[in-house]
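All remarks here apply to the structure that follows.
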Amino acid sequence: MTEQTAAGVKAALAAFATRDRASALSRFFKTGPGQYGEGDLFIGVTVPQSRAVAKQFASLPLTEIYELAQSPIHEHRHCALVILVNRFQRAKSTETKDELFAFYLRLLDEGRVNNWDLIDISAPYLGSWLISQAHAARLRDLARHEDLWHRRAAVMFTFAFIRVGKLEPTWQIAQQLITDDHDLIHKAVGWMLREAGKRDVAALREFLGKNASSMPRTMLRYAIEKLPPAERQVWLATR
């Protein structure tokens, strides 16, 4: 049986690492001076490889997940979050889900969930905890946070609501973030508007009617991607 330790996870990931892939990932995730991923380190492990390692370490204790998430290596934090999400999705009791969600927020607050892919592999799934909670104030607080990753988490949490047909949180958080100045927020908000629009295109059109003229162009392009081509041109002409 695989020893369930952070050191074991790191060793398993290291077996997949390649220098060329590490270099490519460093460029892709914008790790240069002044970029959003400045200082992040990569060893060159793919997402499928990380997920395979996470399955090997499904029973990793929370203390070890926490230690793994403290690593400066991006893939170590990625694998820690995959293990955490898998644990959350298997959890049967409300108490366990409460603990795991609080643990996730702790990592977010400590700056360990600090790139768009780390948000996107975790928040849309852990966000299901918010569906049965008093979520509105929590989401609004995250959306007004000075930290980019908290704001991205706020909108990506709403993906969990979209999946169960609850669209109002997406419209609310999109409205709150519509003047955000970061491209990674524009993309995330536009993506969630598009997903909500798949469920209720009339509601998407209503949102666009009120906001398209003031939306960042990237946000708008993402939001209208599934609309008919002629309609997309009409909305783009409002910018």
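One-based numbering along the sequence shown.
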- [ ] Apply side-chain contact (heavy atoms from CB on, under 4.5 Å) to Leu62 and Leu100, showing your working.
- [x] CA-CA 9 Å; Leu62 273 186; Leu100 295 175; 3.8 Å; yes
Heavy-atom nearest pair, Gly127 first then Ala160, reads C-CB, 3.5 Å
Exercise: identify the closest heavy-atom pair between Pro61 and Gln4: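 Result for this residue pair: CD-O, 3.5 Å.
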Q) What residue pairs, at least two apart or across chains, pass ring pair (Phe, Tyr, Trp, His ring centres under 6.0 Å) with a residue in residues 151-173? A)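 For residues 151-173, and leaving out neighbouring residues, the ring pair (Phe, Tyr, Trp, His ring centres under 6.0 Å) pairs sorted by first residue read Phe101-Phe157, His135-Phe161, Phe159-Trp191, Trp171-Phe207.
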Assign the ring pair Phe42 / His74 to parallel, tilted or perpendicular, where the plane angle (0 to 90°) is split at 30° and 60°. parallel
Margin query: Using only atom types and a distance under 3.5 Å, with no angle test, would you say the side chain of Ser128 pairs donor to acceptor with the backbone of Tyr125?
Written below: yes
| field | Donor-acceptor under 3.5 Å (Glu64 side chain, Ala6 main chain) | value |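 Answer holds: yes.
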For residues 9-16, please give each side-chain donor-acceptor pair under 3.5 Å, one per line with the distance, not counting sequence neighbours.
none

**OP:** Take His145 and Asp141 through the test side-chain contact (heavy atoms from CB on, under 4.5 Å) and record every step on the way to the result.
**Re:** CA-CA 6 Å; His145 202 285; Asp141 287 346; over 6 Å; no
[X] [atom1] to [Y] [atom2] distance, which is reported to the nearest 0.5 Å:
X	Y	atom1	atom2	result
Gln175	Leu193	CD	CG	9.5 Å
His78	Ser50	NE2	OG	5.0 Å
Asp109	Asp147	CG	CG	9.0 Å

**Study point:** Arg19, CZ atom: more than 12 neighbouring heavy atoms under 6.0 Å
**Key:** no
*Count the heavy atoms belonging to other residues, nucleotides or ligands that lie under 6.0 Å from NZ of Lys55, then report whether that count exceeds 12.*
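No, NZ of Lys55 has 12 or fewer neighbouring heavy atoms, counting only those of other groups under 6.0 Å.
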Tell me yes or no: between the side chains of [X] and [Y], is some donor less than 3.5 Å from an acceptor?
X	Y	value
Gln49	Thr46	yes
Ser23	Ser26	no
Glu110	Tyr66	yes

> Do the non-hydrogen side-chain atoms of Val45 and Arg21 ever get within less than 4.5 Å of each other?
Replying inline: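 They are not in side-chain contact.
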Side-chain atoms of residues 212-230: list all donor-acceptor pairs with protein atoms under 3.5 Å, sequence neighbours left out, distances to 0.1 Å.
from	atom 1	to	atom 2	distance (Å)
Ser214	OG	Asn211	O	3.1
Glu225	OE1	Arg194	NH1	2.4

The salt bridge (charged side-chain N to carboxylate O under 4.0 Å, His left out) partner of Asp40 among Arg27, Arg77, Lys30 is Arg77
